[in-house]
Structures are given as structure tokens and as C-alpha cells.
Amino acid sequence: MEALPAAFFDRPTDRVARDLLGRVLETTINGIRCRARIVETEAYLGEHDPACHAARGRTRRNEVLYGPPGTAYVYFVYGMHWCVNAVTRRAGLPSAVLIRAAEPLEGVATMRARRGFAVRDADLTSGPARLCQAMGITGRHNGLPLSGPELRVLEGTPVSRALVLTTPRIGVSAAADWPLRFFVAGSSWVSARAANARFLADAQG
DNA sequence: TAAAGGATTTTCT
DNA sequence: GAAAATCCTTTAC
């Protein structure tokens, strides 16, 4: 399977987020290969998007967002978790797609070991920080191309149907009421947050 | 089964 | 000093 070219990511961010569903995230760390099929993404559009890390301009933390498309933006949150993004659009335009959940395909035993053997299968990779922990992605990978030896996004098989959720933030600080843009494939491996948003969307008709 | 609170540290005000 | 693109455990119903 081929890695997606940088040109794939040099497009409007919401389109990249939609098109990443069904693609395959691959890590090869210490010679151990893990693969997972992406089932949930989230688009962060740029400096004008208050949810985006670049909303308040360029800082040391977010400078990778301003770099070329097709690189990994890996950041640390809540004092303990890593999350991985694919940087989109040309250098100077700070936007990215957060990879929120995936379905384990290969290297599942390693994922289980990294996550702790007590976790249930359904919790292995169903969240942005869970996914990074299972795949072995850390700050070491920040700024690396997504077609490198350790970290890649492969062609996979794009999904024909997807759910697009534009929702208020759920379960985070109450003051933040700007919309988030989730893209979800039909899968049982989505995060609790997307499942909740999906439920709310259904409930509202 | 849902809701609430803690963990833990970087980042920016 | 406060908040953060989260996860996990505990507590209550």
C-alpha cells in the first residue's frame, strides 16, 4: 500500500478530513508495524477558527501547523496525552485534521501491550489520545512527514458514505460553544465523544 | 448507565 | 494562574 502524497493534504481542510476516512495510519516503531483504519477525524480550519490551536497566532507549540502539508502535528494535552494531526494546505496557512479514532488492523498485540492489557478491545483506539498510545505516537514525531519510515498515512480504501457532525463542544469547558467539525465513518470504533454527538444529532432530527 | 472529579504539565495571559 | 482538540476511576441512581 502506498503512502498518500503531500498533494493529498494540500486541499481545503474539511475535504481532507472527509477523504481521510478509510485510509490507513501506519507506524513502524522498533521494527514493529501497526496499522489502523481511520474512522473519525476532525477539521481545524485556520487562524479564523476559534477551535484551532492557531486561533491566537503562531507560537512555539503550534508552529508545525504553519509548515507544509502532509506533516504530522503532534501535541501534548491535559498533562498526559498525545494527539496526532495531519497538517493541511500550503505552508503559512495553519490548518490540520485531528485523527480521532481508528479500527485496529495489524499489530494488535502490540497495541494492547501499549494500552495496558486490562483495556477492552473497543477502547483500544477509540479516541485521539488512545489511538496515539496504541500506535506509539509521541512528541518525537511532531513535524515529521506522514510518508516517513516510522509514521505514514496509506491509501487504504476511501469510504463511500460518512456522517458529518457540526456540534457544540461536549464534555469540555462550558464557555467554549463554537462548532467542531467531525467526520465519522460507519464503524463501531468511533470515540465516545463522536458517538455522543451523533446521538444528539439524531435526537434533534 | 450516567455524571462528576482527578490526574498532570505545558502553554500562554 | 488558568485553561487545555482527554481518559479513567469512582460514585450515585
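Bear in mind the structure is a predicted one, so any value in this text is a computation, not a measurement. Sequence lines set the chain letters: A, B, ... in the order given, protein chains first and strands last, and positions in each chain run from 1.
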S.K.: Closest to the A:H81 side chain: C:dA5, C:dC7, B:dT13?
M.R.: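 Of the candidates, C:dC7 comes closest.
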
S.K.: Would you check if there is a donor-acceptor pair between the side chains of A:Q133 and A:R114 at a distance under 3.5 Å?
M.R.: no

S.K.: Between P on C:dA5 and CG on A:L65, what's the gap in Å once rounded to a whole number?
M.R.: 12 Å

S.K.: Specify the separation, in whole Å, of atom CE of A:M80 and atom P of B:dG5.
M.R.: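 So the two atoms are 17 Å apart, to the nearest Å.
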
S.K.: So what stems show up for DNA chain B if we need 3 or more Watson-Crick or G-U pairs in a row, all under 3.5 Å?
M.R.: B:1-7 with C:6-12, B:9-12 with C:1-4

S.K.: Would you say that more than 12 heavy atoms from the other residues, nucleotides or ligands in this model lie under 6.0 Å from the CZ of A:R11, or not?
M.R.: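 Atom CZ in A:R11 is packed in, count exceeds 12.
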
S.K.: Could you identify which residues of residues 98-113 of chain A place a heavy atom less than 4.0 Å from some atom of DNA chain C, listed by residue number, or say none?
M.R.: A:L98, A:R100

S.K.: Evaluate whether atom CZ of A:R58 has more than 12 neighbouring non-hydrogen atoms of other residues, nucleotides or ligands under 6.0 angstrom away.
M.R.: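 Correct, the count exceeds 12.
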
S.K.: Looking only at heavy atoms, which two atoms of A:A96 and A:L65 are closest? And how far apart?
M.R.: CB-CD2, 3.4 Å

S.K.: Do you know which two heavy atoms are closest between A:L154 and A:E26, and how far apart they sit?
M.R.: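 In terms of heavy atoms, the two residues are closest at CD1-OE2, 3.5 Å.
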
S.K.: Nearest 0.5 Å, please: how far is CD1 in A:I29 from CG in A:L151?
M.R.: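 CD1 of A:I29 is found 7.5 Å from CG of A:L151.
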
S.K.: Within the 4.5 Å heavy-atom criterion, are A:V64 and A:N85 side-chain neighbours or not?
M.R.: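 A side-chain contact under 4.5 Å is absent here.
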
S.K.: What is the separation between atom CH2 on A:W82 and atom C1' on B:dT10, rounded to the nearest whole Å?
M.R.: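 Going from A:W82 (CH2) to B:dT10 (C1'), I get 10 Å.
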
S.K.: Identify whether a stacking contact exists between A:Y44 and C:dA5, where the ring centres must be under 5.5 Å apart and the planes under 30° apart.
M.R.: yes

S.K.: Please state how far atom CG in A:N196 lies from atom P in C:dA5, giving the value in whole angstrom units.
M.R.: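 It is 18 Å, rounded to the nearest whole Å.
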
S.K.: In Å and rounded to the nearest 0.5 Å, what is the CZ to CG distance from A:R181 to A:L45?
M.R.: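 One finds 4.0 Å between CZ of A:R181 and CG of A:L45.
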
S.K.: Below 4.0 angstrom from OP1 or OP2 of B:dT11, is there any side-chain N or O of A:T59?
M.R.: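 For B:dT11, OP1/OP2 do not have a side-chain N/O of A:T59 under 4.0 Å.
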
S.K.: Round to a whole Å and report the spacing from CG of A:N142 to P of B:dT11.
M.R.: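 Result: 10 Å.
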
S.K.: Rounded to whole Å, how long is the line connecting atom CD of A:E63 with atom P of B:dT10?
M.R.: 17 Å

S.K.: Are A:R56 and B:dC12 close enough that a side-chain N or O sits under 4.0 Å from OP1 or OP2?
M.R.: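 Checking B:dC12 against A:R56, no side-chain N or O comes under 4.0 Å of OP1 or OP2.
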
S.K.: State whether the side chain of A:R23 and the backbone N or O of A:E155 hold a donor-acceptor pair below 3.5 Å, judged by distance alone.
M.R.: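 Yes; at least one donor-acceptor contact below 3.5 Å.
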
S.K.: When only distance counts, do a donor and an acceptor, one from the side chain of A:Y78 and one from the base of B:dA7, lie under 3.5 Å apart?
M.R.: no

S.K.: Quick check: do A:D121 and A:V108 have side-chain heavy atoms less than 4.5 Å from each other?
M.R.: no

S.K.: Among B:dT9, C:dC7, B:dT8, which nucleotide sits nearest the side chain of A:R115?
M.R.: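 Selected nucleotide (nearest to the side chain): C:dC7.
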
S.K.: Write down the distance between NE2 (A:H53) and P (B:dC12), rounded to a whole number of angstrom.
M.R.: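 After rounding, the reported distance stands at 10 Å.
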
S.K.: Mind listing the residues from residues 121-140 of chain A sitting with a heavy atom below 4.0 Å of DNA chain C? Number order is fine.
M.R.: A:G127, A:P128, A:A129, A:R130

S.K.: Whole-Å distance between B:dC12 C1' and A:R61 CZ?
M.R.: 10 Å

S.K.: Give, for atom OG1 of A:T88 and atom CZ of A:F8, the distance between the pair rounded to the nearest 0.5 Å.
M.R.: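 Here the rounded value is 10.5 Å.
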
S.K.: Would a hydrophobic clustering, with Ile, Leu, Val, Met, Phe, Trp and Tyr connected at side-chain separations under 4.5 Å, put A:Y75 with A:L180?
M.R.: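 As far as the 4.5 Å side-chain criterion goes, A:L180 and A:Y75 are connected within one cluster.
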
